[in-house]
Protein chains: 2
Amino acid sequence: MTARKENSTYTLNEKFITDCDLTYAANKIGGRWKIVILDKLGNRKLRFSELKKEFPYISERMLTLQLRALEQDELVKRTVYAAVPPRVEYELTPIALEFLPIFCQLSAWGKKNKALKENRS
Amino acid sequence: MTARKENSTYTLNEKFITDCDLTYAANKIGGRWKIVILDKLGNRKLRFSELKKEFPYISERMLTLQLRALEQDELVKRTVYAAVPPRVEYELTPIALEFLPIFCQLSAWGKKNKALKENRS
DNA sequence: GTCATTACTTACAAATTTGTTTGTACCATA
DNA sequence: TATGGTACAAACAAATTTGTAAGTAATGAC
């Protein structure tokens with residue numbers, strides 16, 4: 001996400017991992033914010049400031065970085081309206097939409113297993 | 001995974017994020033290695049050294065750390081056999097098994113979208 | 001007694017990710 | 001003319017993740 005790397009074990013491992021379809025996909029939604037951003041954007045367009053409001057403590061920098069990365073990966077589409085106060089809207093691309101059912105299942109898993117843990121404590 | 005944190009924005013964000021079922025689940029399989037380890041373990045028990053062989057450049061330290069974390073989260077079960085050269089086997093727990101169909105879908109997404117990208121370049 | 005094997009652990013270092021702060025460009029309105 | 005809102009960018013700093021190198025314990029083979 002930042003930029004320069006080399007030919008270290010770190011990079012070799014990264015290559016190995018993104019060769020695999022499973023981890024290739026996992027990497028697209030990895031990191032702290034991407035998956036929640038995609039989820040929020042699930043059914044509607046949102047402006048930068050609207051997205052920011054969804055996450056109380058996210059820094060603008062983080063939000064920008066994540067959105068840029070998602071745009072790069074063609075998971076979100078960014079539309080700029082040349083309006084008086086700037087207005088930018090973000091929405092999911094078709095390939096990102098295909099993630100939504102997977103998110104549902106993940107979410108269901110999370111719900112179920114969080115409940116399990118709580119019942120034991 | 002290391003240990004000490006505080007009450008920083010970093011931590012607040014983390015709490016916010018693990019409150020959500022979706023990201024709670026995502027965090028269980030986050031990081032570079034967890035998802036591949038779970039996938040490898042999908043249908044069979046594997047010893048430490050067998051797992052290591054699956055990932056050419058993983059360090060023993062990383063493998064241990066990931067396995068410990070997965071054990072902590074009750075996604076893998078660790079069995080030690082008191083044998084002459086130590087023998088330890090890892091296998092998925094029932095709740096981890098429920099991840100496997102999700103992995104399939106992620107993998108399918110990855111395959112499809114990797115192909116899409118390649119056809120354009 | 002020395003070596004090899006397995007599954008680690010420890011101390012250390014490098015790389016990456018995440019967050020903080022400050023600042024910018026653009027008009028419109030008071 | 002000063003101020004305010006939006007969507008960022010840049011420089012810097014903190015936190016976490018990942019990797020390197022070396023060592024440990026038990027035991028049987030040589």
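Here is how names work: the chains are called A, B, and so on, in the same order as the sequence lines, proteins then strands, and each is numbered from 1. Quantities reported herein were computed from a predicted structural model and do not represent experimental measurements.
- Note: CG (B/Asn27) to C1' (D/dT17) measures 14 Å, nearest angstrom.
- As rounded to whole Å, 14 Å separates atom C1' of C/dG19 from atom CD of B/Glu14.
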Given protein heavy atoms under 4.0 Å, the one-letter contact record of nucleotides 22-30 of chain D, with B base, S sugar-phosphate only and - none, is simply -----SS--

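- Rounded to whole Å, the distance from CG on A/Leu65 to C1' on C/dT20 is 13 Å.
- Hydrophobic cluster membership is shared by A/Leu65 and A/Val80, with clusters built from Ile, Leu, Val, Met, Phe, Trp and Tyr side chains linked at under 4.5 angstrom.
- For A/Thr9 and D/dT20, the shortest distance from a side-chain N or O to OP1 or OP2 is below 4.0 Å.
- Distance CG (B/Leu67) to P (C/dT6): 17 Å, rounded to an integer number of Å.
- Here the OH-CG distance, from B/Tyr90 to B/Leu70, works out to 10.0 Å after rounding to the nearest 0.5 Å.
- One finds no side-chain N or O of A/Asn13 lying less than 4.0 angstrom from the OP1 or OP2 phosphate oxygen of D/dT18.
- Note: CZ (B/Arg32) to P (D/dT16) measures 19 Å, nearest angstrom.
- Open room surrounds OH on B/Tyr57; 12 or fewer heavy atoms of other groups in view lie less than 6.0 Å from it.
- Only B/Ser59, listed by number, bring a heavy atom of residues 43-59 of chain B to less than 4.0 angstrom from any atom of DNA chain D.
- Using a 4.0 Å heavy-atom criterion, one finds that B/Tyr90 contacts the sugar-phosphate atoms exclusively.
- Paired with B/Asp21 under the rule side-chain hydrogen bond (donor to acceptor under 3.5 Å, both in side chains), one option of A/Lys112, A/Lys111, A/Lys114 passes, and it is A/Lys114.
- Distances shorter than 4.0 Å separate none of the side-chain N or O atoms of A/Arg61 from OP1 or OP2 on D/dA7.
- The shortest distance between the side-chain N/O atoms of B/Arg68 and the OP1/OP2 oxygens of C/dT9 is below 4.0 Å.
- Side-chain contact check for A/Arg68 versus A/Gln72: every heavy-atom pair is 4.5 Å or farther apart.
- Here C/dA7 presents its C1' atom at 16 Å from CE of B/Met62, a figure rounded to the nearest Å.
- In this structure, the salt bridge (charged side-chain N to carboxylate O under 4.0 Å, His left out) partners of B/Glu74, at least two apart in sequence or on a different chain, are A/Lys117, A/Arg120.
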Got a list of side-chain donor-acceptor pairs under 3.5 Å for residues 46-55 of chain B, not counting sequence neighbours?
{"unit_1": "B/Arg47", "atom_1": "NH2", "unit_2": "B/Pro86", "atom_2": "O", "d": "3.4"}
{"unit_1": "B/Glu50", "atom_1": "OE1", "unit_2": "B/Arg47", "atom_2": "N", "d": "2.7"}
{"unit_1": "B/Glu54", "atom_1": "OE1", "unit_2": "B/Lys40", "atom_2": "NZ", "d": "3.2"}

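- Partners of B/Ala25 under the side-chain contact (heavy atoms from CB on, under 4.5 Å) rule, at least two apart in sequence or in another chain, are A/Leu106, A/Trp109.
- Whole-Å rounding puts the A/Gln66 CD to D/dA7 P distance at 18 Å.
- The nearest whole Å value for the distance from the OH atom in A/Tyr10 to the P atom in D/dT18 is 7 Å.
- For B/Glu91, the side-chain contact (heavy atoms from CB on, under 4.5 Å) test picks out B/Lys45, B/Lys77, B/Thr79, with sequence neighbours left out.
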